[in-house]
Amino acid sequence: MTPDSATRVPPAYPVSHSTRFDNGLEHLLSFSPTYAGGLSNHGPMALEALTSLGAPDLYEAFLHDYTPRLERTDHEYPPVADTGRWPWELRTRLPSLVARAGAQAGHGLLRVAHAVRSLERVDTEVRRRELSAALEYWNSGVTLPAPDRLAGSRPLVEVVARLPRLSPGERREGLLTRNLMVAARRDDVVELLASIAPAQSIPDRFDDLALAAAQAFVHNRGAEAFALLHGVTVTTMARVLIEYLDESDRRRLEAAVTGFSVAAIVGFDLRGGSPMDASMPENRGDLPVQDLARSVASVLDDHHIKFADACAGLAHRRPEVEPLVRAMLAARLAG
């Protein structure tokens with residue numbers, strides 16, 4: 001089985017690094033999947049993203065900085081399957097979840113995809129328990145409205161250019177999931193979403209959606225940019241799950257992820273699709289994208305880490321968008 005990584009081919013680390021990752025994951029599984037009234041526990045996702053970025057040296061510092069905010073749990077997760085059999089179990093359980101790609105602001109999908117990518121590197125008992133925890137968390141989410149599959153005729157780029165934006169009266173500051181739901185339920189958004197043609201290549205469609213969110217990201221600041229970065233991370237990590245679905249369920253995942261991305265742009269792009277121009281942040285000179293991504297990750301913020309990983313993956317697959325990727329990473333470093 002050849003993994004379809006959301007970034008690069010997952011690096012193979014010495015046993016010591018793999019053991020350190022598993023020890024960190026074991027520690028994180030002692031905490032609830034949510035904290036502070038419903039915020040998502042990003043710990044397992046960020047730990048895996050550090051691995052993908054080639055930064056296992058940051059494991060312990062991240063855990064030391066991040067875990068004090070989390071809430072302990074006595075809940076135990078059995079391994080999702082026996083050794084070597086997790087892909088078959090995943091193929092059984094995943095189809096019932098794909099329509100909920102936008103649930104919990106995409107965090108259920110994200111946690112499952114990061115768990116899968118860790119298992120694609122090494123199959124261990126604790127990683128199979130993390131996949132069990134991730135699937136349970138995704139299953140608990142409320143579905144964000146989206147068509148069962150895309151069946152229109154309009155190109156994605158045309159529809160994105162026509163998307164409306166939530167008015168100030170419709171938006172509520174700091175309420176990510178609420179604003180996504182309001183955006184997804186607008187009649188004009190539902191109509192536009194239904195008009196999108198299915199992609200010839202679903203992985204390429206997910207990258208196109210990530211780039212649409214990325215263009216909005218670099219022209220927004222604060223809470224809006226924070227919300228739009230989820231449009232980048234969710235779409236890139238959705239690529240990981242494609243090979244575990246048949247064609248019909250891949251199309252359902254395509255529709256649900258597209259619906260999430262559209263809702264993110266409608267809900268949080270206050271600039272309304274401004275063209276790329278001189279207002280783009282500095283691109284940090286000639287520093288390689290991978291090194292720039294590591295600089296973002298070294299801030300040790302959970303969202304920074306996952307975002308840096310997604311950006312590195314986009315630059316790897318689409319070298320022509322490197323200036324945009326550099327702008328996104330520089331904007332994240334600038335806060």
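Residues R165 and I265 are in side-chain contact: their nearest non-hydrogen atoms beyond the backbone lie under 4.5 Å apart. Looking only at side-chain heavy atoms (C-beta outward), R128 and E89 stay at 4.5 Å or farther from each other. The shortest distance between side-chain heavy atoms of D204 and R318 falls below 4.5 Å. Between Q215 and L324, some side-chain heavy-atom pair lies under the 4.5 Å cut-off.
By the criterion of side-chain heavy atoms lying less than 4.5 angstrom apart, applied directly or through intervening Ile, Leu, Val, Met, Phe, Trp or Tyr residues, V257 is not grouped with Y137; the two fall into different hydrophobic clusters. When the side chains of ILVMFWY residues are joined at heavy-atom separations under 4.5 Å, either directly or via intervening members, L166 and V190 end up in two distinct hydrophobic clusters. Under a hydrophobic clustering in which Ile, Leu, Val, Met, Phe, Trp and Tyr are joined whenever their side-chain heavy atoms come within less than 4.5 Å, directly or via other members, V122 and Y59 fall into different clusters. Residues I242 and L110 share a hydrophobic cluster, clusters being chains of Ile/Leu/Val/Met/Phe/Trp/Tyr side chains in contact below 4.5 Å.
Between the side chains of S261 and R205, no donor N or O sits under 3.5 Å from an acceptor N or O. Side chains of E158 and S195: a donor-acceptor N/O pair is absent below 3.5 angstrom, by distance only.
Contact check on E224 versus R171 returns a salt bridge, with a Lys/Arg side-chain nitrogen under 4.0 Å from an Asp/Glu carboxylate oxygen. Salt bridge D309/K306: absent, no basic N to carboxylate O contact under 4.0 Å. Between R250 and E254 there is no salt bridge, since none of the side-chain N atoms of the basic residue sits less than 4.0 Å from a carboxylate O of the acidic one. Under the 4.0 Å criterion applied to side-chain N and carboxylate O atoms, R294 and D57 are assigned as salt-bridge partners. Salt-bridge formation is not detected for the pair E76/R129: no Lys NZ or Arg NE/NH1/NH2 atom is positioned less than 4.0 Å from an Asp or Glu carboxylate oxygen.
Note: F217 and F307 meet the aromatic proximity criterion, with ring centroids under 6.0 Å apart.
Here the CD atom belonging to E26 is positioned 11.0 Å from the CD atom belonging to E130, to the nearest 0.5 angstrom. One finds the CG atom of D269 at 5.0 Å from the CG atom of N220 (value rounded to the nearest 0.5 Å). The CG atom of L150 lies 6.0 Å from the CD1 atom of I196; values are rounded to the nearest 0.5 Å. To the nearest 0.5 Å, atom CG of residue L28 and atom CG of residue L63 are 5.5 Å apart. The CG atom of N139 sits 8.0 Å away from the CZ atom of R93 when rounded to the nearest 0.5 Å. The structure places CG of L29 at 10.5 Å from NE2 of H27, a figure rounded to the nearest 0.5 Å.
Each of R121, R111, R127 was scored for a salt bridge (Lys or Arg N to Asp or Glu O under 4.0 Å) with E48, with one residue passing: R121.
In terms of heavy atoms, A263 sits closest to L144 at CB-CD2, 4.2 Å. For the pair F260 and H230, the tightest heavy-atom approach, listed with the atom from each and the gap, is CE2-O, 3.6 Å. Smallest separation of non-hydrogen atoms from A297 and L53: CB-CD1, 3.8 Å.
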